[in-house]
Amino acid sequence: MSESYGIADTISAKSTQLNADDLMNGPITVQITGVSVARGDQPVTISISGGYQPWKPCKTSRRLLVFGWGADEQKYVGRWLTLYRDPDALWAGKPAGGVRHSAMSDIKGAFTLPLSFAKGKKTEYRISVLTPPANGKPSVDPAFAAFGAALNAAVKTGGWTGEQVKALLGCPAAEVPVDRRAELVATLANPPATEGAAS
């Protein structure tokens, strides 16, 4: 019997690496199956479970990995990560979207690390403790797909700006607790008043 094939399978980016657009359906929790390091613009290639293309972490993600797991990349094999789409990740100084991670297994506790993302600018990146799936299989957060769609709709047609949505969330979308999502979606149904609007 052939494997099921759905619409989500038709929108994967045609690439040799995991792209932000591959995570439109929400964060994924995957196990690292291999790590290789070479010279070049994208020096680190991390193979992951679940049939996904390898992840090539940016410098910010590499710094978070080294802070949490140390500098011996071969010890990363077998450990778990939660990867998510960050629409605000910069490319050539402009928001282009990128793959980030929000949780790691095998760390002593959650940590926050302030890192530079542009000349003279820093932001804090928070990494949560990840408990590997009990069944040892990669997982997708299907509930996040509806939440992510609501965020996108708020900006595209709901009268919100990306900055307003970010301020409302107060953290990356992937880190919003499940019990807050419904409240936030309800808030997004009412766009903020614009300057100069009639009272």
Side-chain angles (χ1 to χ4, degrees), residues 3-4 6 8-9 12 17-37 44-89 97-115 123-151 166 168-185:
E3 294 184 12
S4 62
D9 298 301
S12 297
Q17 70 184 68
L18 188 71
N19 287 299
D21 289 348
D22 294 325
L23 303 180
M24 294 285 282
N25 286 339
I28 58 174
T29 295
V30 292
Q31 187 175 33
I32 295 175
T33 59
V35 182
S36 63
V37 180
V44 178
T45 300
I46 298 180
S47 300
I48 54 178
S49 59
Y52 297 99
Q53 295 281 22
W55 175 43
K56 296 188 177 183
C58 64
K59 186 173 288 188
T60 293
S61 292
R62 298 197 300 269
R63 286 173 173 160
L64 292 167
L65 291 171
V66 171
F67 186 87
W69 285 341
D72 184 354
E73 70 276 1
Q74 294 311 312
K75 290 184 178 179
Y76 299 179
V77 176
R79 296 177 178 178
W80 292 76
L81 290 165
T82 295
L83 303 174
Y84 71 97
R85 179 181 186 272
D86 179 4
D88 299 315
V99 179
R100 296 279 191 265
H101 66 287
S102 60
M104 300 164 61
S105 70
D106 299 273
I107 55 176
K108 294 180 180 179
F111 64 87
T112 300
L113 194 63
L115 294 171
T123 190
E124 290 191 341
Y125 295 88
R126 178 171 174 76
I127 300 296
S128 302
V129 177
L130 172 63
T131 301
N135 61 6
K137 295 182 179 180
S139 64
V140 178
D141 180 0
F144 184 87
F147 181 58
L151 299 182
K166 282 175 61 177
L168 175 67
L169 299 185
C171 63
E175 296 178 14
V176 173
V178 173
D179 58 2
R180 280 195 66 213
R181 292 178 185 172
E183 171 194 342
L184 289 168
V185 169

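Residues W80 and G136 approach most closely at CH2-O, 3.4 Å, considering heavy atoms. Residues A103 and L130 come closest through the heavy atom pair CB-CB, 3.8 Å. Closest heavy-atom contact between P57 and V44: CD-O, 3.5 Å. Residues G78 and Q31 share a closest heavy-atom pair of O-NE2, 2.9 Å.
Remark: the backbone N or O of P138 is not paired with any side-chain donor or acceptor of S49 at under 3.5 angstrom. Q74 contributes a side-chain N or O that, together with a main-chain N or O of V35, makes up a donor-acceptor pair within less than 3.5 Å. Looking only at distances, no side-chain donor or acceptor of N19 sits under 3.5 Å from a matching main-chain atom of D21. R79 contributes no side-chain N or O that, together with a main-chain N or O of S105, makes up a donor-acceptor pair within less than 3.5 Å. Using a distance-only test at 3.5 Å, with no hydrogens or angles considered, no donor-acceptor pair links the side chain of Q17 to the main chain of P54.
With rounding to the nearest 0.5 Å, the separation of CD in E124 from CZ in F111 is 12.5 Å. Atom CG in L65 sits 10.5 Å away from atom CD1 in I107 (nearest 0.5 Å). Remark: M104 CE to T82 OG1 distance equals 11.0 Å, nearest 0.5 Å. Atom CG of L18 and atom CZ of R85 lie 12.0 Å apart (nearest 0.5 Å). Between F67 atom CZ and L113 atom CG the span is 5.0 Å, to the nearest 0.5 Å. One finds the OH atom of Y125 at 10.0 Å from the CZ atom of R63 (value rounded to the nearest 0.5 Å).
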Fill in: Verdict with reasoning, V37 to E73, per side-chain contact (heavy atoms from CB on, under 4.5 Å)
CA-CA 9 Å; V37 180; E73 70 276 1; 3.9 Å; yes
Discussion item. Working note: T60 + T123, criterion side-chain contact (heavy atoms from CB on, under 4.5 Å); need CA distance, chi angles, decisive distance, verdict.
Written reply: CA-CA 11 Å; T60 293; T123 190; over 6 Å; no
Item to complete: Go through the steps for Y52 and L83 under the test side-chain contact (heavy atoms from CB on, under 4.5 Å), then give the verdict.
Response: CA-CA 12 Å; Y52 297 99; L83 303 174; over 6 Å; no
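Between W69 and Y76, the angle of the ring planes lies from 30° to 60°, which puts this pair in the tilted group.
Under the 4.5 Å side-chain criterion, counting only non-hydrogen atoms from C-beta, H101 is in contact with S61.
None of T33, I28, I32 except one satisfies the side-chain contact (heavy atoms from CB on, under 4.5 Å) rule with V30; the exception is I28.
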